[in-house]
Amino acid sequence: MMGPAHSLSGAAAWLGVGAAAAAAGHPMPWPVLAVGALICAGAALAPDLDHKAATISRAFGPVSRTLCEVVDKLSYAVYKATRTQGDPRRSGGHRTLTHTWLWAVLVGAGASALAITGGRWAVLAILFVHMVLAVEGLLWRAARVSSDILVWLLGATSAWILADILHKPGNGSDWLFTAPGQEYLWLGLPIVLGAIVHDIGDALTVSGCPILWPIPVGRKRWYPVGPPKPMRFRAGSWVELKVLMPVFMLLGGIGCLGALGVI
Ligand SMILES: [Zn+2]
């Protein structure tokens, strides 16, 4: 899928988690619902850091371009080192290491560890990166015509404001994990969810997605998970734009109302 569909599905997924949490008796304070949805929308672009044309690889100028090259090389090396007889040969790292459940969990756990040990600046940094991505993903066309610097400014100001809102007592810095010292531990959750939702979105497209790696399926360790071939679509096709994106918006809206206890 393309950036906007990935971001919308990420936001909808977190709002759905919000509805489930409310139903289970752990309702999210509204800032957790809103910030989590934005983080998840941004994190749902992150696995494409292995592709130089992807939104995330151009979102932070030379920093993300360099990181993209490193991640692509690392992914390709891991693919070559772990492929079995059944896995095809390939020429680059796109849709391999960063498109697995293990990568999602590692990145989310890393963000959580950073958030609880790094203090306010770590929380701000995590928010900044994901707000920039959320702006790029959700406001696709608008962000493309404006300059990178404007998007970074928007990301920085929203990160600053949201960090202040979350920090007020009762607003959810300690949502779900309430012991002292566990503030902002939950920040990793929308990051894991965003990456997994991205992988599921890619699995619906023609080439599938090796979500399960390193768990082998049959003779393949990089088994491309996906529905039967006739049910798959091409990235950027009308199914994605005219069917999936409206469905994600609708589901997100219903999830949001459920999470806030309206329905
Ligand atoms: Zn992808």
Side-chain angles (χ1 to χ4, degrees), residues 1-14 39-60 64-65 67-79 82-83 87-88 90-108 110-111 129-130 132-138 140 143-144 190-215 217 220-227 229 231-241 243-245 247-248:
M1 292 199 299
M2 311 282 285
H6 279 308
S7 280
L8 268 182
S9 63
W14 185 258
I39 293 179
C40 203
L45 298 179
D48 282 343
L49 189 54
D50 60 6
H51 191 297
K52 65 180 187 315
T55 310
I56 183 170
S57 305
R58 29 160 304 275
F60 300 94
S64 51
R65 275 200 297 277
L67 198 58
C68 168
E69 275 170 35
V70 174
V71 166
D72 184 33
K73 293 219 167 64
L74 171 72
S75 303
Y76 187 41
V78 172
Y79 185 85
T82 61
R83 71 181 268 265
D87 293 308
R90 40 180 312 142
S91 57
H94 183 47
R95 277 203 188 175
T96 56
L97 182 62
T98 59
H99 285 66
T100 62
W101 68 272
L102 188 59
W103 177 272
V105 170
L106 289 178
V107 171
V129 168
H130 290 90
V132 168
L133 292 175
V135 169
E136 295 265 6
L138 296 174
W140 179 254
R144 288 243 149 162
I191 294 175
V192 176
L193 183 66
I196 288 179
V197 169
H198 176 110
D199 298 347
I200 294 172
D202 277 356
L204 299 176
T205 62
V206 176
S207 43
C209 184
I211 304 177
L212 297 176
W213 180 88
I215 302 166
V217 176
K220 294 182 175 175
R221 191 174 293 280
W222 293 91
Y223 182 81
V225 176
K229 289 266 171 194
M231 291 174 64
R232 301 188 188 189
F233 60 89
R234 268 179 204 293
S237 68
W238 68 272
V239 181
E240 181 176 325
L241 301 173
V243 180
L244 290 180
M245 287 178 61
V247 166
F248 295 150

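First listed ligand is number 1; within each ligand, the first listed atom is number 1. Because only heavy atoms are used, hydrogens play no part in the values below, and waters and symmetry mates are left out as well, while side chains stay in.
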> If you look at every heavy atom in Val129 and Phe60, which pair is closest and at what distance?
Replying inline: O-CZ, 3.6 Å
> Counting only heavy atoms not in Tyr79, do more than 12 sit closer than 6.0 Å to its OH atom?
Replying inline: yes
May I ask you to check whether [X] brings an N, O or S atom to under 2.8 Å from the Zn ion (ligand 1)?
X: His51; result: no
X: Asp202; result: yes
X: His6; result: no
X: Asp48; result: yes

>> Looking only at the side chains, is there a donor atom on one of Asp50 and Thr98 sitting less than 3.5 Å from an acceptor on the other?
In response: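 Side-chain D/A pair, Asp50 to Thr98: present.
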> How far does CZ of Arg95 sit from OG of Ser207, to the nearest 0.5 angstrom?
Replying inline: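 Going from the CZ atom of Arg95 to the OG atom of Ser207 covers 3.5 Å.
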> Distance-only, no hydrogens or angles: does the Glu136 side chain make a donor-acceptor pair with backbone N or O of Val132 under 3.5 Å?
Replying inline: no
>> Which atom name does His198 have for its N/O/S atom nearest to the Zn ion (ligand 1)?
In response: NE2
>> Between the Zn ion (ligand 1) and His99, which N, O or S atom of the residue is the nearest one?
In response: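 Closest to the Zn ion (ligand 1) among those atoms: NE2.
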